[in-house]
Amino acid sequence: MPAKTTTEPPVRPIPAGLSRAQLLELFYWMTLTRILEERLVSLYRQSKLIGGLFRSLGQEADAVGSAYALDRTRGDILSPLIRNLGSMLVQGATPLEVLRQYMAKAASPTRGRELNIHFNDLQRGFLGQISPLGDMVPVMAGVTLSFKLAGQDRVGMVYVGDGAMSTGAFHEGMTLAAVQRLPLVVICEHNGFAYSTPHHRQTAVAELRTKALAYGIPGVRADGNDVLAVYETTKVAVDRARSGGGPTLVELVTFRMKGHAEHDNQSYMPKELLAEWELKDPIARYRKQLLEERWASSEDLEQVGQRIAAELDAALAECESEPLPSADTALVGVLAEPPAADAEWYRSPGG
Amino acid sequence: MPAKTTTEPPVRPIPAGLSRAQLLELFYWMTLTRILEERLVSLYRQSKLIGGLFRSLGQEADAVGSAYALDRTRGDILSPLIRNLGSMLVQGATPLEVLRQYMAKAASPTRGRELNIHFNDLQRGFLGQISPLGDMVPVMAGVTLSFKLAGQDRVGMVYVGDGAMSTGAFHEGMTLAAVQRLPLVVICEHNGFAYSTPHHRQTAVAELRTKALAYGIPGVRADGNDVLAVYETTKVAVDRARSGGGPTLVELVTFRMKGHAEHDNQSYMPKELLAEWELKDPIARYRKQLLEERWASSEDLEQVGQRIAAELDAALAECESEPLPSADTALVGVLAEPPAADAEWYRSPGG
Amino acid sequence: MAEVTYLEAIRQGIWEEMERDSRVFLLGEDIGAYGGAFKVTEGFLTRFGANRVIDTPIAETAIVGAAAGAAHMGLRPVCEMQFIDFIACAYDMLTNYVATARYRADLPTPMVVRGPSGGYVRGGPFHSQNPEAAFLHTPGLKIVCPATARDAKGLIKSAIRDDDPVLYFEHKYLYRRIKEALPDNEEILTPIGKARVARQGKDVSVITWSAMVYKALEAAEQVQLEDGLSVEVLDLRTLLPMDDEAILATVRKTSRVLIAHEDTRTGGVAGEITARINDGAFEWLDAPVKRVAAHDVPLPFAPTLEDFVLPQTADLVNAIRWLAKY
Amino acid sequence: MAEVTYLEAIRQGIWEEMERDSRVFLLGEDIGAYGGAFKVTEGFLTRFGANRVIDTPIAETAIVGAAAGAAHMGLRPVCEMQFIDFIACAYDMLTNYVATARYRADLPTPMVVRGPSGGYVRGGPFHSQNPEAAFLHTPGLKIVCPATARDAKGLIKSAIRDDDPVLYFEHKYLYRRIKEALPDNEEILTPIGKARVARQGKDVSVITWSAMVYKALEAAEQVQLEDGLSVEVLDLRTLLPMDDEAILATVRKTSRVLIAHEDTRTGGVAGEITARINDGAFEWLDAPVKRVAAHDVPLPFAPTLEDFVLPQTADLVNAIRWLAKY
Ligand SMILES: Cc1ncc(C[n+]2csc(CCOP(=O)(O)OP(=O)(O)O)c2C)c(N)n1
Ligand SMILES: Cc1ncc(C[n+]2csc(CCOP(=O)(O)OP(=O)(O)O)c2C)c(N)n1
Ligand SMILES: [Mg+2]
Ligand SMILES: [Mg+2]
């Protein structure tokens with residue numbers, strides 16, 4: 001019987017020095033991630049999105065819990081991958097921005113130039129990825145190098161999938177970050193697959209944290225579907241980085257519950273695996289934990305759901321009818337100088 | 001008092017199932033490597049060489065001992081680096097070929113197109129490197145993939161320096177070779193420096209064999225200046241590869257006694273280090289061992305020296321006056337079809 | 001004669017070569033059980049087995065490098081880049097190792113690197129690229145860009161049989177949009193290095209390749225109807241080695257030349273073609289050689305922006321009229 | 001006025017900018033204690049310390065990527081490629097990440113990637129490259145190729161101050177071969193995007209850059225003496241963005257144009273220049289625009305071969321005479 005009100009004392013003290021409010025925040029970010037993605041799916045089905053749609057279903061805990069370990073007040077910066085919508089939300093990206101990106105609106109953060117969650121705001125603390133996998137590791141090594149050179153106590157975080165770890169860019173970035181002892185936390189989302197490629201065809205290594213040994217840095221592992229475990233494990237790595245201890249590779253074990261993108265029905269995916277991980281759903285599990293431990297009441301969680309629905313309704317209402325970028329913005333800002341690329345002659349061949 | 005003749009019984013049995021003849025062979029290859037390089041140095045000083053000169057002084061044992069673990073009768077193939085002249089000699093490259101390469105002769109294996117030991121003969125079993133470091137690892141993964149696909153029991157070997165292990169190409173090639181369990185032995189020559197960069201500024205890893213863990217393959221370590229240890233350790237890896245056990249990373253600990261190339265006086269090199277490793281010279285040490293163990297007599301070793309001197313005199317005499325390639329060969333063979341590149345119009349502007 | 005799409009034609013071409021020659025095998029990401037991101041290799045794993053259809057880690061340099069090593073040993077690898085944009089990750093291996101192997105070391109390296117290229121698909125800056133220009137100045141490579149289903153099949157087969165490395169850039173916009181009846185029992189082998197006159201004409205020549213061929217044909221049709229202009233469309237098919245004879249022939253025929261490509265203008269392939277025309281048929285030109293190419297920006301995602309940045313049929317019509325009037 | 005070599009000029013330029021602006025720092029292999037393979041950064045470690053002169057692992061993608069990340073954060077990194085040939089290993093990072101950063105994400109990326117390029121030094125295929133053409137078609141990059149000590153200094157300083165990524169290709173053949181008196185207390189800032197008339201002339205124009213400028217000047221001198229021909233030599237200095245005004249001005253002046261570069265012909269930068277001339281000054285041309293470039297092969301090592309493959313002064317003389325006679 002879940003507790004009805006929060007006045008009753010917790011069964012056990014809250015771990016990791018988190019407050020009730022923070023526990024609810026974590027629940028909020030995870031739930032927001034999921035519901036926002038569900039909204040995106042229905043928009044996708046109505047062909048209101050442009051381009052593909054990527055889900056992080058079942059991985060909300062690893063994204064949210066790891067990002068939550070950063071300190072936004074200190075100017076920490078993370079670089080997410082396609083399944084890290086949750087991490088970006090935690091860092092302050094808004095559903096409105098995400099919706100605008102997926103609809104390529106003029107008012108989107110990239111003004112319709114880049115897709116989905118490929119956007120950034122260094123002030124809020126997220127640096128959007130580019131598609132070529134692995135590239136953000138060297139780039140974040142550079143971001144954290146700037147922290148080190150300036151003597152700042154800021155931390156950087158970069159996400160890589162089990163597949164992206166095979167790239168040369170990952171290796172070079174890790175080697176540099178480790179030898180320079182940069183304040184960089186590397187989150188490996190071990191979700192079992194890279195597109196259709198199962199982990200065992202990607203690498204001969206069972207536990208991906210093992211790869212840390214090749215760089216002389218600590219490698220740790222946590223249950224990626226347990227948001228509190230993710231937070232605690234990542235927090236240790238973040239604190240180590242902040243105190244000059246250098247990079248840590250944090251392997252978060254989770255599972256990709258949807259296809260690589262919405263077009264992919266993952267026919268290649270063993271049904272048993274999906275069934276097995278279905279039971280480990282990070283949100284259902286966290287919800288249960290919150291109630292059983294009496295860290296939150298069902299009302300609290302209800303309210304979170306209502307708040308999210310309202311926010312998303314508002315965001316959607318605001319952006320749906322917004323215009324796409326006007327063509328004449330297309331040539332602006334490739335370089336600072338010259339400020340715009342030439343307009344091709346064939347558009348006004350008279351002139 | 002070293003034994004005077006080989007008739008006296010050995011102090012201890014010869015290790016690694018090697019015969020007296022083989023022990024002498026190893027001595028021959030190591031000494032040939034060194035003396036050939038010394039000849040090259042004097043030619044270099046007389047400006048008879050074209051381009052730079054790279055030494056493997058102090059590393060002859062790691063090159064020779066590792067290559068010697070391959071089976072030339074089975075068609076094993078290795079891909080050397082710039083300090084693996086010894087490996088190439090073991091595989092059948094001749095001093096004459098090396099001299100011709102360094103002098104860019106028409107009769108050189110690459111007909112003057114490529115430098116120094118950048119040449120190859122897949123029949124004899126060596127695939128020359130190109131300059132960009134790391135690239136030969138994926139290429140040798142492909143060579144050994146062909147062995148695997150053809151069901152052949154051949155083995156491939158590729159050399160990387162402590163510096164080259166930082167390249168993305170190394171990482172990608174290792175990842176592929178490991179996950180495909182290819183018959184590839186990866187020799188890491190840990191010689192302390194990459195050009196002027198000491199090992200500790202190259203990577204945060206102390207023992208480079210540790211990097212094997214990131215690929216889920218065995219990583220072993222041996223004294224690179226002890227040719228028998230090198231042979232034995234490598235042989236185990238070669239046998240494992242041949243029997244389907246996949247790749248092994250073999251770290252051979254040695255030291256680069258000369259500058260990166262002859263132009264480099266290695267002002268950056270701590271004198272103590274050089275002095276310390278001077279005492280570990282692999283040839284002097286092996287010579288001592290052969291005599292003390294009564295595995296060879298001083299006469300045997302004398303003869304080796306004389307044989308080498310004669311061979312090198314002959315090789316030098318043969319190639320020194322040979323012509324450089326004639327200009328009209330320059331355009332041939334970029335592609336099979338067309339067989340030659342266009343001659344630029346400006347050479348016969350009338351036509 | 002069965003109707004096959006451009007994609008199916010590529011599939012058939014690879015399939016036939018694998019049936020014919022046991023040395024041919026495939027390397028790439030998700031090409032096995034999944035059949036590739038665009039299903040070009042669907043069914044290959046079942047037919048040819050895991051030894052000839054190899055799913056690799058996400059490591060383009062390893063894919064290309066391993067292909068080269070296997071090719072040296074007598075095999076004929078065909079590598080798939082999941083999107084051709086990622087060929088950039090193998091740039092060193094392709095230009096420094098693969099392209100130079102025969103010249104510097106007499107190492108034959110018969111291999112194909114293929115993948116979906118091109119825009120007009122709302123793919124954004126990293127799923128829409130046309131990498132021709134990045135490799136055009138590398139001696140030792142061949143580059144083909146089929147526009148028709150027939151050539152898609154004929155060129156992949158010729159590429160696989162070629163004794164040198166061939167970059168095969170297939171246009172994803174065409175994959176399922178074009179269909180063509182191909183003879184079932186004729187072996188289609190499009191020669192590498194030979195262009196094709198896609199439409200005969202006498203007033204203006206449009207030199208182009210890949211998906212742009214269709215815009216050129218549309219524009220030709222339109223100016224025929226509206227202006228009575230006779231436009232010749234030359235589909236280069238192969239960019240390296242370039243078919244100078246065909247290029248100069250059409251220039252001499254019309255004396256007015258438009259070069260159209262989808263990639264950005266500056267440093268694009270049209271520059272090289274212009275130089276060759278200028279060199280070989282200067283006296284025949286009645287007007288400057290003009291270029292229609294993408295604007296010099298990374299390709300943006302939003303339809304309004306992508307449509308503005310990329311050349312459209314109307315742009316070709318404008319350019320053709322300008323040349324005809326000149 | 002002290003006599004400084006081309007190499008010393010680069011050194012001074014970087015040094016001055018590091019003295020002036022604490023955001024400037026260096027990344028590269030062996031650039032610290034060793035001072036770089038060619039000693040361009042000799043003494044920098046002692047003066048500026050290990051935080052501003054960073055020896056990196058052998059990882060070009062990490063060097064360039066880390067520079068980009070640091071540049072986003074307000075620093076001004078200068079990366080050294082030990083030999084520019086190895087920039088190929090960072091091709092993806094440069095073209096996909098660095099070049100697109102401002103356009104796709106409003107991320108300023110002020111950084112310089114520099115290194116020794118060029119042949120005539122018996123360097124063989126991997127220590128002699130001229131990578132201009134590989135990056136010319138990437139919007140978002142700037143490319144400079146100084147020929148003189150003054151410009152070597154002026155362009156590295158301007159590159160470091162530029163708010164966008166600049167590829168700075170210095171020619172190793174010139175490092176110690178040319179000397180020039182440079183004012184000690186004048187701040188030399190060569191504008192990016194502006195060419196320089198290296199020699200005035202009226203009969204034929206030679207458009208070129210980097211080490212080839214000297215061969216052009218030699219050839220001009222020779223045909224002046226032997227044929228009484230007046231040759232104008234335009235040193236482009238910057239290839240991206242290209243100085244169209246200067247190019248068209250010299251074309252209009254002489255109507256006979258030779259473009260000379262050291263890189264191979266096919267797909268080389270001369271193609272783009274030819275297209276621009278053809279487009280902007282077609283009516284002014286009295287002869288076809290001609291190209292003098294390296295033969296289309298990987299650069300071989302042997303002196304006899306390298307000298308044959310690369311353009312020589314005599315080749316420029318032949319080409320200039322051909323154009324004058326046309
Ligand atoms: C260099 C490169 N090669 C290939 C791709 C195509 N691609 C996009 S996502 C993906 C799979 C990524 O798997 P993983 O890293 O495990 O991340 P996940 O999707 O599981 O979160 C691939 C192959 C790419 N984006 N970049
Ligand atoms: C990709 C690449 N970057 C840089 C270089 C320049 N370079 C040539 S050798 C060398 C040092 C190699 O050190 P290591 O791998 O330890 O081999 P060692 O010389 O010690 O045998 C460097 C940086 C190169 N050849 N390739
Ligand atoms: Mg994954
Ligand atoms: Mg070393």
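The chains referred to below are lettered A, B, ... by the order of the sequence lines, with proteins before strands, and numbering in each begins at 1.
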**Request:** Show the numbers, then the answer: is there a side-chain contact (heavy atoms from CB on, under 4.5 Å) between A/M165 and A/T203?
**Result:** CA-CA 9 Å; A/M165 291 177 108; A/T203 170; over 6 Å; no
**Complete:** Between D/A159 and D/V166 the two heavy atoms that sit nearest each other are CB-CG1, 3.7 Å
**Message:** Less than 4.5 Å to any heavy atom of chain D: does that hold for the side chain of A/V179, its backbone, both, or neither?
**Reply:** side chain
**Message:** So which atom in A/A177 and which in A/P247 form the shortest heavy-atom distance, rounded to 0.1 Å?
**Reply:** O-CG, 3.5 Å
**Complete:** Cut-off 4.5 Å, heavy atoms of chain D, and the answer for A/L122 is side chain
**Asked** Between D/F48 and D/F44, how do the two ring planes meet: parallel, tilted or perpendicular, split at 30° and 60°?
**Response** tilted
**Request:** Answer whether the closest heavy-atom distance between the side chains of D/L239 and D/C145 falls below 4.5 Å.
**Result:** yes
**Complete:** Heavy-atom nearest pair, A/D162 first then A/Q202, reads O-CG, 3.5 Å
**Item:** Inter-residue atom distance D/I31.CD1 - D/I54.CD1, 0.5 Å rounding
**Value:** 7.5 Å
**Item:** Contact origin within A/M174 toward chain D - heavy atom pairs under 4.5 Å
**Value:** neither
**Asked** So which part of A/L127 gets closer than 4.5 Å to some heavy atom of chain D, the side chain, the backbone, both or neither?
**Response** side chain
**Request:** Check whether any side-chain heavy atom of D/L167 lies under 4.5 Å from a side-chain heavy atom of D/L94, and answer yes or no.
**Result:** yes
Dump the table of donor-acceptor contacts under 3.5 Å between chain A and chain D, or return none if there are none.
residue, atom, partner, partner atom, Å
A/R111, NH2, D/D106, OD1, 2.7
A/R111, NH2, D/D106, OD2, 2.7
A/R113, NH1, D/Y103, O, 2.9
A/P138, O, D/A66, N, 3.4
A/E172, OE1, D/E60, N, 3.4
A/E172, OE1, D/T61, N, 2.8
A/E172, OE1, D/A62, N, 3.1
A/A330, O, D/Y103, OH, 2.5
A/A336, N, D/D164, OD2, 2.6
A/E337, O, D/K142, NZ, 3.0

**Request:** Find out whether A/V155 and A/D71 are in side-chain contact, i.e. whether some heavy atom of one side chain is under 4.5 Å from a heavy atom of the other.
**Result:** no
**Message:** How close do D/P77 and D/P110 get, counting heavy atoms only, and between which atoms?
**Reply:** CD-O, 3.4 Å
**Asked** Are the side chain of A/T248 and the backbone N or O of A/V250 linked by a donor-acceptor pair below 3.5 Å?
**Response** no
**Request:** May I ask you to check whether D/F126 and D/F86 place their ring centres under 6.0 Å from each other?
**Result:** no
**Complete:** Shortest non-hydrogen pair, A/C188 vs A/L208, comes out as SG-CD1, 3.6 Å
**Asked** Picking from A/P109, A/P132, A/A141, which has the most non-hydrogen pairs under 4.5 angstrom with chain D?
**Response** A/P132
**Asked** Is it the backbone or the side chain of A/V137 that comes under 4.5 Å from a heavy atom of chain D, or both, or neither?
**Response** neither
**Request:** Select all residues of residues 82-93 of chain A having any heavy atom within less than 4.5 Å of some heavy atom of chain D, and report them by number, or 'none'.
**Result:** none
**Fill in**
Under 4.5 Å to a heavy atom of chain A? For D/I192 that would be neither
**Contact class of A/I130 relative to chain D, heavy atoms under 4.5 angstrom** = side chain
